[in-house]
Amino acid sequence: MTEFVSRRERKIAIVRALKIVRDAQKYLSSTYKIDPRLVGSAKYNAVICDGNGVYDMDYQLVLTNNCKCEEFDANKIRKDFFNAFNAIKNENEKVDNSTSVITVRVSNNKGKFSADKEVFSFDFAIIIENKNGSFITRRDADNHYVWNELPSRNSYIYDKYFLLNYYDQKIIIDRIIERKMTEKMKPKDKRIPSSVIFMEEVNKF
């Protein structure tokens, strides 16, 4: 059964995510400087778990101008970050190198990661920003990582949302949660992305 997951219920996940980010910053500090950002449903408190009680949170790891790498090669960066997450993960965690994010999956058990005991996961997108826009590492058809431009409309919608008062925000979030619960019941390839739902509901309001 799909359910809303409050900030209080996500406390353990939030603490673990922050620890992973701090450890990654330290591990990669000789080459990369990282500005972490919570994005997506967790940012505006509309996290939904699936039928198994599993939920996820999204983060952007923005590479700053203080990085010491000679060139921002997407393949090398993804390899370095993937190795870093594997080096710092706990025993009950698994790291997946997905198309556009690195996912850290966490299970609620002692010992090796167990998929049937998974409780939450984190999606970490690696981002660079410059005068031309924001870009994310993404795997292409040839199995190489390249930089893909992120749409700028998201920041505009976020700005609109956070200018609203608490009560208006809550109305929007209640509508988003209701729609997300409906989407969770659909096959993955048929679901409307959470980011699209958020943009639609803010614009409707």
| message | Show, in sequence, the C-alpha distance, side-chain angles and deciding distance for Thr137 and Val146, and conclude whether the side-chain contact (heavy atoms from CB on, under 4.5 Å) test is met. | response | CA-CA 6 Å; Thr137 56; Val146 297; over 6 Å; no
| message | Go through it in stages, so that I can follow the logic: the residues are Glu71 and Lys76, the test is salt bridge (charged side-chain N to carboxylate O under 4.0 Å, His left out), and I'd like the CA-CA distance, side-chain angles, deciding distance and then a yes or no. | response | CA-CA 10 Å; Glu71 58 183 43; Lys76 184 179 187 310; over 6 Å; no
| request: Show the numbers, then the answer: is there a side-chain contact (heavy atoms from CB on, under 4.5 Å) between Phe82 and Ile126? | output: CA-CA 11 Å; Phe82 184 68; Ile126 304 170; over 6 Å; no
| task | Could you give me the CA-CA distance, side-chain angles and deciding distance for Ile14 and Met57, then say whether side-chain contact (heavy atoms from CB on, under 4.5 Å) is met? | result | CA-CA 9 Å; Ile14 292 169; Met57 301 195 315; 4.0 Å; yes
| said: Checking Arg139 against His144 for the side-chain contact (heavy atoms from CB on, under 4.5 Å) test, could you report, in this order, the C-alpha distance in whole Å, the side-chain angles of both residues, the deciding distance, and whether it holds? | reply: CA-CA 5 Å; Arg139 188 166 54 218; His144 293 106; over 6 Å; no
| request: Starting from the C-alpha separation in whole Å, work towards a yes-or-no answer on salt bridge (charged side-chain N to carboxylate O under 4.0 Å, His left out) for Asp140 and Arg138. | output: CA-CA 6 Å; Asp140 63 16; Arg138 185 176 179 84; over 6 Å; no
| query | Where do Arg37 and Glu129 land on the salt bridge (charged side-chain N to carboxylate O under 4.0 Å, His left out) test, with the steps shown first? | reply | CA-CA 13 Å; Arg37 299 175 186 170; Glu129 296 177 338; 2.8 Å; yes
| task | List the steps, then state whether ring-ring contact (aromatic ring centres under 6.0 Å, His included) holds for Phe85 with Tyr27. | result | CA-CA 9 Å; Phe85 281 116; Tyr27 188 93; 9.5 Å; no
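Screening residues 108-121 for salt bridge (Lys or Arg N to Asp or Glu O under 4.0 Å), with sequence neighbours left out, gives Arg105-Glu118.
Closest approach of Arg10 to Val47, counting heavy atoms only: NE-CG2, 3.6 Å. Nearest approach of Ala46 to Phe4, heavy atoms of both residues: CA-CE1, 4.2 Å. Minimum interatomic distance between Pro36 and Leu61 (heavy atoms only, all atoms of both residues): CB-CD2, 4.1 Å. Taking each heavy atom of Val104 and Glu93 in turn, the nearest pair found is CG1-OE1, 4.1 Å.
By the 4.0 Å N-to-carboxylate-O rule, Lys94 lies close enough to Asp96 to be salt-bridged with it. The pair Arg175-Glu178 does not count as a salt bridge, with every side-chain nitrogen at least 4.0 angstrom from each carboxylate oxygen. Between Lys186 and Glu183 there is a salt bridge, since a side-chain N of the basic residue sits under 4.0 Å from a carboxylate O of the acidic one.
Side-chain atoms of Asn90 do not come within 3.5 Å of backbone N or O of Asn92 as any donor-acceptor pair. Side-chain atoms of Asp168 never come within 3.5 Å of backbone atoms of Leu164 as a donor-acceptor pair (strictly under, hydrogens ignored).
Not less than 6.0 angstrom separates the ring centroid of Tyr161 from the ring centroid of Phe205. Here the two rings, on Phe72 and Phe135, have centers that are 6.0 Å apart or farther.
Side-chain contact of Asn109 with Ser114: a donor-acceptor pair under 3.5 Å is absent, judged by distance alone. Side-chain N/O atoms of Lys68 and Ser30 include no donor and acceptor closer than 3.5 Å.
Hydrophobic cluster membership differs between Tyr44 and Leu163, with clusters built from Ile, Leu, Val, Met, Phe, Trp and Tyr side chains linked at under 4.5 angstrom. Residues Leu38 and Leu150 are members of separate hydrophobic clusters, defined by side-chain heavy-atom contacts under 4.5 angstrom among Ile, Leu, Val, Met, Phe, Trp and Tyr.
Partners of Thr31 according to the side chain to side chain contact (heavy atoms under 4.5 Å, CB included) rule, which considers only residues two or more places apart in sequence or in another chain, are Cys69. Not counting sequence neighbours, the partners of Lys160 by the side-chain hydrogen bond (donor to acceptor under 3.5 Å, both in side chains) test are Asn203.
The aromatic rings of Phe120 and Phe122 are tilted relative to each other, their planes meeting at an angle between 30° and 60°.
With respect to Phe81, the ring-ring contact (aromatic ring centres under 6.0 Å, His included) criterion is satisfied by exactly one of Tyr59, Tyr145, Tyr32: Tyr32.
Within the 4.5 Å cutoff, side-chain heavy atoms of Val21 are placed close to those of Phe124. Within the 4.5 Å cutoff, the side chain of Ile34 has no heavy atoms near those of the Thr64 side chain. Glu149 is not listed as a side-chain neighbour of Ser134, based on a closest heavy-atom distance of 4.5 Å or more. Looking at heavy atoms from C-beta onward, Ile48 lies out of side-chain contact with Tyr55 at the 4.5 angstrom threshold.
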